[in-house]
Protein chains: 2
Amino acid sequence: MAQKIKLSTIADALGVSTATVSLALRDSALVASTTRERIKTHAREIGYIYNRRAASLRTSRSGIVGVVVHDIMNPFFAEILRSIETELDRSRQTFILSNHYDDLEKQRNFVDTLLQLGADGVIMSPAIGTPPEDIRMAEDNGLPAVLIARDVEGAAVPAFRGDDSYGTALATRHLIELGHTRIAMVGGTDGTSTGRDRYQGYKNAMEAAGLSVDAAWRIPGPRTKQAGFDATERFLSLPGKPTAAVCWNDLSAIGLMNGLFRAGLVAGRDVSVIGYDDLEEAAIATPALTTVWNGQREVGHRAASALVARLNGEEVSAEQELIHPELRIRASTGKPHERN
Amino acid sequence: MAQKIKLSTIADALGVSTATVSLALRDSALVASTTRERIKTHAREIGYIYNRRAASLRTSRSGIVGVVVHDIMNPFFAEILRSIETELDRSRQTFILSNHYDDLEKQRNFVDTLLQLGADGVIMSPAIGTPPEDIRMAEDNGLPAVLIARDVEGAAVPAFRGDDSYGTALATRHLIELGHTRIAMVGGTDGTSTGRDRYQGYKNAMEAAGLSVDAAWRIPGPRTKQAGFDATERFLSLPGKPTAAVCWNDLSAIGLMNGLFRAGLVAGRDVSVIGYDDLEEAAIATPALTTVWNGQREVGHRAASALVARLNGEEVSAEQELIHPELRIRASTGKPHERN
DNA sequence: CTGAAAGCGCTTACAG
DNA sequence: CTGAAAGCGCTTACAG
């Protein structure tokens, strides 16, 4: 490993001060352009590596942004992350990622790490049960936060998410318009704002159509393909045999469709299945999945922009418009079909 | 934002030196246990936040490990990342993730960022075309590297991956044993060691069985669901109408199965389709996908352990055993069926 | 346009 | 067992 090269190495070699080198490398107009070029060329030639820790210690800006979500392996978050990445790349911020798996302790550890590293900000999809104090604590220690996908009441920071109640109502209404009257809701939880909103949207649409809502038709839980797959049996033996399922998300819907297929049933023909999110793979699923576009890219883009704005000292209102979901009709929903 | 609390704040309040506080907080036996407890309690009470930048500047260890892969959104890498995460959590390393999307410049930028942050090491699945010098450069600047999934000839660092040639031969042989003689290869590239090895394994198995290999039966490229889906038409119009497809990975296989389904064909009955990787979703795909287990968790686990070992000053040989793939027979393969 | 000097908040010999 | 002091490698007033 070569001898450590620092600013003073360059300064000594070129007979200038470290102040001049520091300014030159950052393209300051304070340095004469000839000097600047001479310095930059030399730095490149000897392979100088800028020490961000030292700089950050001095300036107290680190160029690091933290992003914490439930699970980056989940394509829903992965799609959001992709657009966050695009946005942060643009403002040359490095981002550190973490899963919290809805474990508050893991989330706290991560926020702690960010504070220790002097991160500039954090984008989080808060773990279930996150108290507003956890977010205030970050803010109070100089770590501005922006929320995605879920809100935390009382946190008073900007949150970017879709209008879940409206979106699930859209999905439910689509099934009702096809003629379904017995509609199940598969997946989700009351532990998050999102979960409560989606169930509410489903109930609203049912009641608005004069249909009764049977609490037994709710199968809470599933949020993954595997869980949707595993819920198939329970769905098929539900009282009153619902003819359609509003699923928590595309993953659980695809899992359910796969499960139905194993049982000899085809979604869209024997049972209507509707998802939520409109993941990239929804369109190529078998059969193509009817779903509700949830604006992942939009969420990521807006959240990252808002955080960058906050980093630049701009005020960003904690009141943010919900993103407007849209129905995407494909092949997994159709007229009701009675099973026996 | 509260007044900045540092070691000296605590030292002053308790009438001890910063050295003692520093040692106490790190549980040094050099500090009397009563003093230690007094310090730790006080630190917690006033909400002290450890400044890792300052510490790292002094010790030149940062507790940061970089991980760069083609695309974290790809479940293949996501599964590897999950086991890397488990391993790094154990040794309390923070990890920074990045996609390179096979863009050498993006990969270089990331390595640069790691160097600037004083990262302790990097785990990388090198971008296509990565020259060994890129890896030497990192190593020479004190950033030990460990490779996953792909190797870089001449890099002389440990690389953890499966025996691709053997694995694809397994897959191909399985089809041959079922009676297939015209077998296509869908997806992959010659740009990586993995790509070359897999094509070689396919050819080996075909030739060993006395079957001819038609270059036209190779459809290079697809590595995603969408691409596998899009390749369906080409596959169906291949000269000599192959009855089976060895796919690059599970994603392209699932995409192809979905495409076949749209064309009214069912994998395992009309066409045999075999994947590679054995992703979590392979078992619940429709139909359940026959594939080759590629040891993602094993790769992640071994790579992270090896890096941690290197960080602790242990020697890790650049010669690493290949992970032994295993066949997983499910429903997407069967006896040959002639189409017309 | 350039330089000398202080300081960011830690840790680590060294002395006692 | 504890303290005084130097130093990690930058940046930023300040002076010239």
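What you are looking at is a predicted structure, and each value in this text was computed from that prediction instead of being measured. Labels below follow one simple rule: chain letters A, B, ... track the order of the sequence lines, proteins then strands, and each chain is numbered from 1.
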J.: Side chain of A:Tyr50: nearest nucleotide among C:dC10, D:dT11, C:dC1?
T.: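 When the side chain of A:Tyr50 is considered, D:dT11 is the closest of C:dC10, D:dT11, C:dC1.
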J.: What nucleic acid atoms does A:Ser60 come within less than 4.0 Å of, heavy atoms only: base, sugar-phosphate, or nothing?
T.: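 Result for A:Ser60 = nothing.
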J.: Is B:Thr35 close enough to D:dT2 that one of its side-chain N or O atoms is under 4.0 Å from OP1 or OP2 there?
T.: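 Yes, such a contact exists.
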J.: Given A:Leu7, which of A:Val21, A:Asn51, A:Ile39 fulfils the side-chain contact (heavy atoms from CB on, under 4.5 Å) condition?
T.: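 Among A:Val21, A:Asn51, A:Ile39, the one that satisfies the side-chain contact (heavy atoms from CB on, under 4.5 Å) with A:Leu7 is A:Val21.
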J.: My understanding is that a pair needs two contacts under 3.5 Å, Watson-Crick or G-U wobble. By that rule, which nucleotide pairs with C:dA13?
T.: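 For C:dA13, the partner nucleotide comes out as none, under the 3.5 Å rule.
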J.: When you match A:Arg58 and B:Ser22 each to their closest nucleotide on DNA chain C, which lands nearer the 5' end?
T.: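 Nearest nucleotide further toward 5': that of A:Arg58.
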J.: What's the closest nucleotide to the B:Arg26 side chain, out of C:dT12, C:dG3, C:dC10?
T.: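 Taking heavy atoms from C-beta onward, the closest nucleotide is C:dT12.
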J.: In terms of side-chain heavy atoms of B:Ala19, which of D:dT11, C:dT12, D:dT2 is nearest?
T.: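 Looking only at heavy atoms from C-beta outward on B:Ala19, the closest nucleotide is C:dT12.
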J.: Will you find, in the side chains of A:Ser56 and B:Arg53, an N or O donor that is under 3.5 Å from an N or O acceptor?
T.: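 Yes, side-chain donor-acceptor contact under 3.5 Å.
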J.: Would you indicate which nucleotide in C:dG9, D:dC10, C:dT2 comes nearest to any side-chain atom of A:Val31?
T.: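 Closest nucleotide to the A:Val31 side chain: C:dT2.
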J.: Please work out if A:Gly118 contacts a base, only the sugar-phosphate, or nothing of the nucleic acid, heavy-atom cut-off 4.0 Å.
T.: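 Touches nothing.
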J.: For A:Ser56, answer base if it contacts any base atom (sugar-phosphate contacts may also be present), sugar-phosphate if it contacts only those atoms, and nothing otherwise; contact means non-hydrogen atoms under 4.0 Å.
T.: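 The residue A:Ser56 makes no contact with any strand.
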J.: Among D:dT11, D:dG9, C:dT2, which is the nearest nucleotide to the side chain of A:Thr20?
T.: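 Between D:dT11, D:dG9, C:dT2, the one nearest the side chain of A:Thr20 would be C:dT2.
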J.: Could you work out which one of C:dC10, D:dC10, C:dG3 sits closest to the side chain of A:Val16?
T.: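 Looking only at heavy atoms from C-beta outward on A:Val16, the closest nucleotide is C:dG3.
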J.: Given D:dG3, is OP1 or OP2 found less than 4.0 Å from the side-chain N or O atoms of B:Ser17?
T.: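 Checking D:dG3 against B:Ser17, a side-chain N or O does come within under 4.0 Å of OP1 or OP2.
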J.: Whole angstroms only, please: what is the CG-P distance between A:Asp12 and D:dG9?
T.: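 Checked: the CG to P distance equals 13 Å.
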